[in-house]
Amino acid sequence: MAAPVVERLEARVSELAGAPAQLERPKDSSHGDFATSVALRTAKAAGRAPRALAAELVERLLALDEVESADVAGPGFVNVRLADPFFVAALGEMGEGYGGSWAAQPERVQVEMVSANPTGPIVVSAGRNGAFGDCVARLLSFGGHTVEREYYYNDAGAQIDRFRASVEALRRGEPVPEDGYRGDYVAQLATEEGDPVPRMLASIEQTMERFRIHFDGWSLQSELERRLGEFLPRLDTYERDGALWARSSAYGDEQDWVLVRSPDKGGAPTYRAADVVYLVDKLERGFDRAIYVLGADHHATARWYAAIARMLGYDADRVEVLLYQFVHLTSAGESAKASKRAGNVVFLDELMDEIGVDAARWYLVNRGPDQTIDIDLDLASEKSAKNPVYYVQYAHARIAAILRNAGASPELVLSQHKLVGEEKELIKRLSDFPVTVREAADRRGPQLIPAYAIRLADEFHRFYHECRVLGDPAEEFRLALCRATQRVIARCLDLVGVEAPDRM
RNA sequence: GCGCCCGUAGCUCAGCGGAAGAGCGGCGGCCUUCUAAGCCGUUGGUCGGGGGUUCGAAUCCCUCCGGGCGCACCA
């Protein structure tokens, strides 16, 4: 999980400690390059004082070639400082594909995301859905899984009917119905011919491509509903009040849900009926794992999906629901209630117009999915200029400038010079990458990537300031360090869907 | 009432059992040298309150307070 050279060292330390030891990066680098709390963890079982155990470990560690110094700190931490060859070896392992392909058993994964009704353009909240889902997809893909992105859209049902009715009303020169959709885009569609739904969908796809999300597949609710007949017999259902219910409460859900409405409610299947068909469709299409990316208001549906998976005899662990909190829009501190129907929303395209695609993607994935996002529209453009994404991109561009000026040179990293602090710190930060990216993927927490990228850029800018690359006796070593840094920065940026510019 | 999420620096937020952090803001420095969208210094916190578990808790458990969102034969 860690960089291989760190893993090897970890194994040696574990051996010497007589127990599994984890090497941690102290927050304060004056404590050392790495630290381990293994003495604290094992002291009780060993019936020894933690500091005494730690002192013994220090003695043994000092015998290792790669250890420059080691000492006991605090209640029993062991701080270790490593010799130059360790850093040189670490850098040597940071080639193409560094940090990726960790999956021992690669899976076929489907990430279904955005899936907004095609009743209007994609709003910022749906953009967050996409930014989150797409980053998870990129992380899994980097780990070695095969990932497909899919958009599920409701092309039938009450909302769509209202949407069509709104457009048609305008075409007839009548006002939009009370419960209809307003907004400039509705008026625009009214001036065009034909069904507004496919047009809306095409425009959504365009927005998503601009946002750098490419969908491999599009599923229609109406098509799935048509296959409902083959699945109903496989479900545990019953009739009540004229409607057909799924007995989901018997499979872990909190309640039962209507699959087919009663005749006096129109007798049509609910979206939950389509859910069932879609879930089976996903699993039968050969995906080992089906990931749903849903807004926090859908938190209850996680249980529903798990329940129908069990009801149909599938392993519920193959179904995963990722939730994210909403994006609240404020204007000069006043909160603006967002409603697509009312037309007072901010579209993702508008946000991209305002702050650019890079800043928009970074902004929407920068914070954990459990955190609500408030966007103050009046501050959006001002904030964009200070977006940390540029700080990271700038590091990439600076490296590109050095490499442009350097001309051809081998990937050789051997160095005879005495490493300076900035070089070591940068290499240590690079050695964190495999752990970080893996954790981001496992936890479905893409926000870890921007946070890491900022720290990495930080180390690079410091290195750049202190260490001359071109013309220095250590030029080749430093060029190798630059190349490794550039690769990792570019990878981080790619993982969050942001471009890595060579010039700024 | 029940369920999910959140409460960490002036602001926006990372941190998910090991030694309290970043960005922005404030104050003060650094451009004849590979990009100053940069670097350095400084300012700044009872991690919402209270209990508990642990050698160790912002982190896990309980509880209270405050906020967001759900609890449809809408999607």
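Residue numbering restarts at 1 for every chain, and letters A, B, ... go by the order of the sequence lines.
A donor-acceptor pair is defined here as one N or O able to donate and one able to accept, closer than 3.5 Å; no such pair exists between the side chain of A:Gln371 and the backbone of A:Arg367.
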>> Please encode protein proximity along nucleotides 1-9 of chain B as a string of B, S and -, counting only heavy-atom distances under 4.0 Å.
In response: --BSSS---

> What does nucleotides 37-44 of chain B look like as a protein-contact string, B for base, S for sugar-phosphate only, - for none, at under 4.0 angstrom between heavy atoms?
Replying inline: BSSS----

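Stem regions annotated for RNA chain B: B:1-7 with B:65-71, B:10-13 with B:21-24, B:26-30 with B:38-42, B:48-52 with B:60-64, counting only runs of 3 or more consecutive pairs of Watson-Crick or G-U type with both contacts under 3.5 Å.
When each of B:C73, B:U35, B:C34 is scored by its nearest atom to the side-chain atoms of A:Val469, the top-ranked nucleotide is B:C34. For A:Ala73, counting side-chain heavy atoms from C-beta on, the closest listed nucleotide (B:A19, B:A14, B:C34) is B:A19. Relative to the side chain of A:Ile454, the nucleotides B:C73, B:A19, B:A22 differ in distance, and B:A22 lies closest. In this structure, the nucleotide among B:C34, B:A19, B:C73 sitting nearest to the side chain of A:Asn405 is B:C34.
Looking at heavy-atom distances under 4.0 Å, A:Cys467 makes contact with a base. Across all strands shown, A:Asp256 has no heavy atoms under 4.0 Å from either base or sugar-phosphate atoms. Counting non-hydrogen atoms under 4.0 angstrom, A:Ala401 reaches a base of the nucleic acid. Counting any heavy atom pair closer than 4.0 Å across all strands shown, A:Leu448 reaches sugar-phosphate atoms only and no base atom. Nucleic acid contact class of A:Gly295 (heavy atoms, under 4.0 Å, all strands): none. Note on A:Gln393: nothing from the nucleic acid sits closer than 4.0 angstrom, heavy atoms only. At the heavy-atom level, A:Asp241 lies under 4.0 Å from base atoms of the strands shown. Residue contacts for A:Thr372: at a heavy-atom cut-off of 4.0 Å it reaches the sugar-phosphate backbone alone, with no base atom in range. Nucleic acid contact class of A:Ala43 (heavy atoms, under 4.0 Å, all strands): none. Nucleic acid contact for A:Arg455: none, since no nucleic acid atom lies under 4.0 Å from a heavy atom of the residue.
Nucleotides B:U43 and B:G26 place their C1' atoms 7 Å apart, quoted to the nearest Å. Using atom P as the reference point in both B:C69 and B:C74, the two lie 23 Å apart (nearest Å). Nucleotides B:G45 and B:G21 have their P atoms positioned 13 Å apart, rounded to a whole Å.
Taking only side-chain nitrogens and oxygens, A:Gln22 never comes nearer than 4.0 Å to OP1 or OP2 of B:G18. The phosphate of B:U33 has neither OP1 nor OP2 within less than 4.0 Å of any side-chain N or O from A:Arg468. The phosphate of B:G15 (OP1 or OP2) has a side-chain N or O of A:Arg443 nearer than 4.0 angstrom. Look at A:Asn117 and you won't find any side-chain N or O under 4.0 angstrom from OP1 or OP2 of B:C74.
For A:Asn79 and B:A19, a side-chain-to-base donor-acceptor distance below 3.5 Å is present, hydrogens and geometry of angles not being considered.
The distance between atom CD of A:Gln447 and atom P of B:U12, rounded to the nearest whole Å, is 18 Å. Rounded to an integer number of Å, the gap from A:Lys265 NZ to B:A75 C1' is 16 Å. Across the protein-nucleic acid pair, A:Asn387 atom CG and B:C11 atom P stand 21 Å apart, rounded to whole Å. We find that OH of A:Tyr452 is positioned 16 Å from C1' of B:G15, with the value rounded to whole Å. Going from atom CZ of A:Phe326 over to atom C1' of B:C69 covers 6 Å, rounded to whole Å.
Side chain to side chain, A:Asp370 and A:Tyr324 fail the donor-acceptor criterion of an N or O pair below 3.5 Å.
Geometric assessment of A:Lys282 against the ring of A:Tyr292 yields a positive cation-pi assignment under the 6.0 Å and 45° thresholds.
In this structure, A:Leu426 CG and A:His461 NE2 are separated by 11.5 Å, a value rounded to the nearest 0.5 Å.
In this structure, A:Tyr152 and A:Tyr278 have parallel ring planes: the angle between them is below the 30° cut-off, well short of the 60° mark.
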